[in-house]
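No experiment lies behind these values; they were computed from the predicted model shown. One-based numbering, in listed order, for ligands and for the atoms of each.
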Amino acid sequence: MARIFNFNAGPSTLPLSALEKCQAELLDYQGCGMSVMEISHRSGEYDGIHEGAKALFRELFGIPDNYKILFLGGGASTQFAMTAMNFIPKGGSADYIITGAWSKKALKEATIIADAKVAASSEDKNFSYIPGQHSLQLDPNAAFVHITSNNTISGTQWQTFPDVNGKPLIADMSSDILSKKVDVSKFALLYAGAQKNLGPAGVTVVILRDDFAATANKGLPTMLSYGTHISKDSLFNTPPVFPIYMMKLVLEWVKEQGGLDAIETTNKQKADLLYDTIDESDGFYRGTVEKDSRSWMNVTLRLPAEDLEKEFIEKAKDQGLGGLKGHRSVGGIRVSMYNAMPLQGIEKLVDFMKSFKAAH
Ligand SMILES: *Cc1c(COP(=O)(O)O)cnc(C)c1O
């Protein structure tokens with residue numbers, strides 16, 4: 001077996017122990033004679049998975065009791081519309097802070113449904129920074145403020161979350177959820193597609209505060225109303241059973257690592273090592289974002305020429321370092337290093353970067 005260090009941005013690398021556990025119980029889940037893919041979502045076996053995943057999530061992420069955890073289908077992209085449909089009242093509007101391609105998509109969906117305003121944007125400099133507090137133009141009548149906590153494509157991340165004057169804050173945390181400690185009580189709602197830090201694609205986690213959920217618009221299509229999923233504990237229809245099961249295995253791995261404290265420590269080590277290598281390369285490797293906005297999850301960089309970047313990606317692949325091509329919309333190199341990427345992967349990558357630079 002030859003597993004590579006997989007730097008793909010999403011779907012992305014998963015902890016080996018979670019994959020092995022899945023493999024070991026694939027044909028016969030805990031003695032029931034069926035795989036998890038074949039059991040009923042109304043069965044006792046599945047109930048253990050569903051409740052177990054929720055309990056682990058609450059414990060590891062420090063989710064207060066007055067928040068619900070939902071496991072939905074449709075990806076983070078469906079949440080762009082659902083948040084707007086549920087929480088912008090008739091005739092009202094919401095504020096969006098635009099820090100990359102995903103925030104733009106969230107805004108676009110909201111404008112189909114209601115009035116949505118840009119409270120700040122870093123598009124003027126190619127999304128290379130996170131707007132400062134002073135630049136926010138918050139509308140006192142906005143129903144909520146929406147942010148993208150980590151910008152998967154451009155490589156920036158909020159270091160401290162904005163002060164939004166007590167407005168409900170909604171965050172798309174798809175690419176940095178569970179990568180470090182977060183004060184969940186600062187948010188009215190947060191959501192994340194699983195395929196970066198939590199598991200395989202197919203399940204989207206939504207965490208929302210009870211009193212905020214109670215303000216949701218009525219009369220929405222059943223599946224697009226948070227109230228439906230809250231009242232049925234995400235079991236109104238068939239939930240993505242297998243992705244939820246895999247997510248539970250990933251959460252168990254997080255706990256084995258020592259929880260979020262340990263995960264955060266390792267993620268910081270990984271980021272420091274890679275950014276130091278970039279900064280100490282005499283300009284051969286050039287980070288594309290401002291230093292105080294750098295992401296711990298997605299590191300974007302350029303080499304002196306495009307053909308060098310091509311060669312870099314090919315040679316890295318030959319050494320078992322895969323998925324380093326930048327997003328097709330921005331080019332260059334992108335190193336996605338979610339929780340499941342071990343420190344050894346970054347060590348091997350920076351060794352490769354140093355020898356590649358020396359050879360050129
Ligand atoms: C990947 C990603 C998405 C899209 O998620 P889907 O589950 O594919 O809809 C949205 N937002 C961010 C920040 C992402 O990284």
Asker: Return the protein residues near ligand 1 (heavy atom under 4.0 Å from any of its atoms), ordered by chain and residue number.
Answerer: Gly75, Ala76, Ser77, Phe80, Trp102, Thr148, Asn150, Thr152, Asp172, Ser174, Ser175, Gln195, Lys196
Asker: Side-chain contact, heavy-atom cut-off 4.5 Å: Asn151 with Trp102?
Answerer: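 Asn151 does not reach Trp102 side chain to side chain.
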Asker: How about NZ on Lys218, more than 12 heavy atoms from neighbouring residues, nucleotides or ligands closer than 6.0 Å, or not?
Answerer: yes
Asker: Could you tell me whether Lys357 and Asp282 make a salt bridge, using a distance below 4.0 angstrom between a side-chain N and a carboxylate O?
Answerer: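 Salt bridge present between Lys357 and Asp282.
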Asker: Under 6.0 Å between ring centres, would you say that holds for Phe212 and Phe87?
Answerer: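 Yes: the rings meet the under 6.0 Å criterion.
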Asker: Could you point out which residue of Leu138, Ile147, Val145, Ile130 forms a side-chain contact (heavy atoms from CB on, under 4.5 Å) with Pro162?
Answerer: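 Passing option: Ile147.
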Asker: Does a salt bridge link Glu309 with Lys325, judged by any charged N lying under 4.0 Å from a carboxylate O?
Answerer: no
